[in-house]
Amino acid sequence: MGRRGLFVTGAAAAFTLGSVSFANAAPPGGEESRTVRGTLPPGSPDYVYLPVEVPRGVRELAVSYTYEKPPVPPGTQGNALDIGIFDERGTALGGRGFRGWSGGARSEFFIRADAATPGYLAGPVRAGTWNIALGPYTTAPDGLPYTVTVTLRYGASGRTPAPVYPPERARGRGRAWYRGDCHLHSVYSDGKRTPAEIAAAARAAGLDFINTSEHNTHAAHSAWEGLWGSRPDGELLILTGEEVTTRNGHVVAVGTEPGTFVDWRYRARDNRFGHFAREIRRAGGLVVPAHPHATCIGCNWKFGFGDADAVEVWNGPYTPDDEIALASWDSALATAGRGWTPAMGSSDAHREPQLVGTPQTVVLAEDLTRDAVLDGIRAGRSYVAESSAVSLTFGATGGRGRHAGIGERLDVADGAPVTVRLEVAGAPGCTAHFVTDQGTLHTEPLPESGAGAVEWRTTPRYASYVRAEVRHAPQVPGLPGALAALTNPVFLGTVRR
């Protein structure tokens, strides 16, 4: 395949192919193209870099690529090839030279000073060695034949517009419950909706905030101008983030500083995730492993949860994958003590008919601001609902009138009687379940209207925590019904050290 050599970036190994060279100068207004063909064998590194020697005077760089998709036997992975690019600042981990990524969503892209293909960063095309990043996601037994065409267009460079980022505050209701969807995709990665369409869908779903989370790019952070602010249907808080899509699982960076890029080029064996988790936090964001038990290639979470601020246990319409994620999360609560990890839910919506805000995380925040919303999620003062039609309150009382709500601890003696109360609206045909470290200890159907209250009495000795589930009727006998809502736990008793 014409490779120049193998190098190690401090994480996954990568091949570097032979360089693509152009003339040192060309007449203004002219263009040149070069085409490279090769075949990546099975077992290729995660990333293969194609260096492009860019001369001075380039106005626009354009890349197109194709690859063969031969039929393969059942049970065998076929070919899938991702693509992105790094500029003359290099390909080192950390992404100083990062200029864009589209994965397998596009077959071509361009970059120039004043504009770029969605998913890519506008800016000057400076002279030096650029690197097209090829990512063989899966490779057929006979290899992955590819063709890459690079076109340089010459002329004066335009002006790069200053980015306009969403504000960190929207007009809210003070201390209140705010609804949000923190995992969404637009045309800036592999989604089909524009940012304007997502904002409209979020408002229609009754959301107060969203988080932009494109795969492996922050290019959409400046794509939301005019989509917040005062409107008849309310203000929308737009957080900026990224879905960091590694080969060993995906993690959503929620609410990072606008313009923050988080690298994804490592596996669990490289021992690099902790570093980038800290980078997310330094940028003010939350580390949230996404769909940890999904079955797609590279989607299952392999990095552990020690660096997680929350975990996405409900991703899109409720499925068996989510049931496994919920059970795994619940199993960790019994020994968590102070260091428990809150649960979240998000839609991961990409296109119609996938619904924005199904499900949604409902957060108790001091106001509709970035910091307040992230503080509420981090503290676990939240629940997950399948839509804005479902609302609930949940808490425990005991001792001398003490009360604890979702994500809090009721500090009473082990033998003290405790009353747990759930109030639900918008869940017709559903059943309430109280789940503890021993399992589900109380189940009660809600009224046909879907609005009602359920109480249960226990002690901290009998239940170290209680959380609530609201479920639809089972569709398959012997299996639990899909969730309509899920709360984070209320812990009972004193903290055991």
Next on the checklist: Given the ring of Tyr47, does Arg247 sit roughly above its face, with NZ or CZ under 6.0 Å from the centre of the six-membered ring and within 45° of the axis?
Outcome noted: yes

Item to check | Minimum heavy-atom distance between Thr212 and Ala220, given as atom pair plus value | outcome: OG1-CB, 3.8 Å

With no hydrogens and no angle check, just 3.5 Å: does a side-chain donor-acceptor pair link [X] and [Y]?
{"X": "Ser102", "Y": "Tyr120", "answer": "yes"}
{"X": "His350", "Y": "Asp190", "answer": "yes"}
{"X": "Glu323", "Y": "Tyr318", "answer": "yes"}

Keeping [X] on the side-chain end and [Y] on the backbone end, is there a donor-acceptor pair under 3.5 Å?
{"X": "His215", "Y": "Val244", "result": "no"}
{"X": "Asp208", "Y": "Arg179", "result": "yes"}
{"X": "Ser213", "Y": "Leu184", "result": "yes"}

Checklist entry - Strictly under 6.0 Å, is that where the ring centroids of Phe305 and Trp329 end up? => result no

Next on the checklist: Could you check whether Phe273 and Trp301 have their ring centres less than 6.0 Å apart?
Outcome noted: yes

Checklist entry - Under 4.0 Å between a Lys/Arg side-chain N and an Asp/Glu carboxylate O for Asp375 and Arg378? => result yes

Checklist entry - Is any side-chain N of the basic residue among Glu352 and Arg193 closer than 4.0 Å to the acidic one's carboxylate O? => result yes

Next on the checklist: What I'd like to find out is whether the side chain of Arg370 reaches to under 4.5 Å of the side chain of Glu257, using heavy atoms alone.
Outcome noted: yes

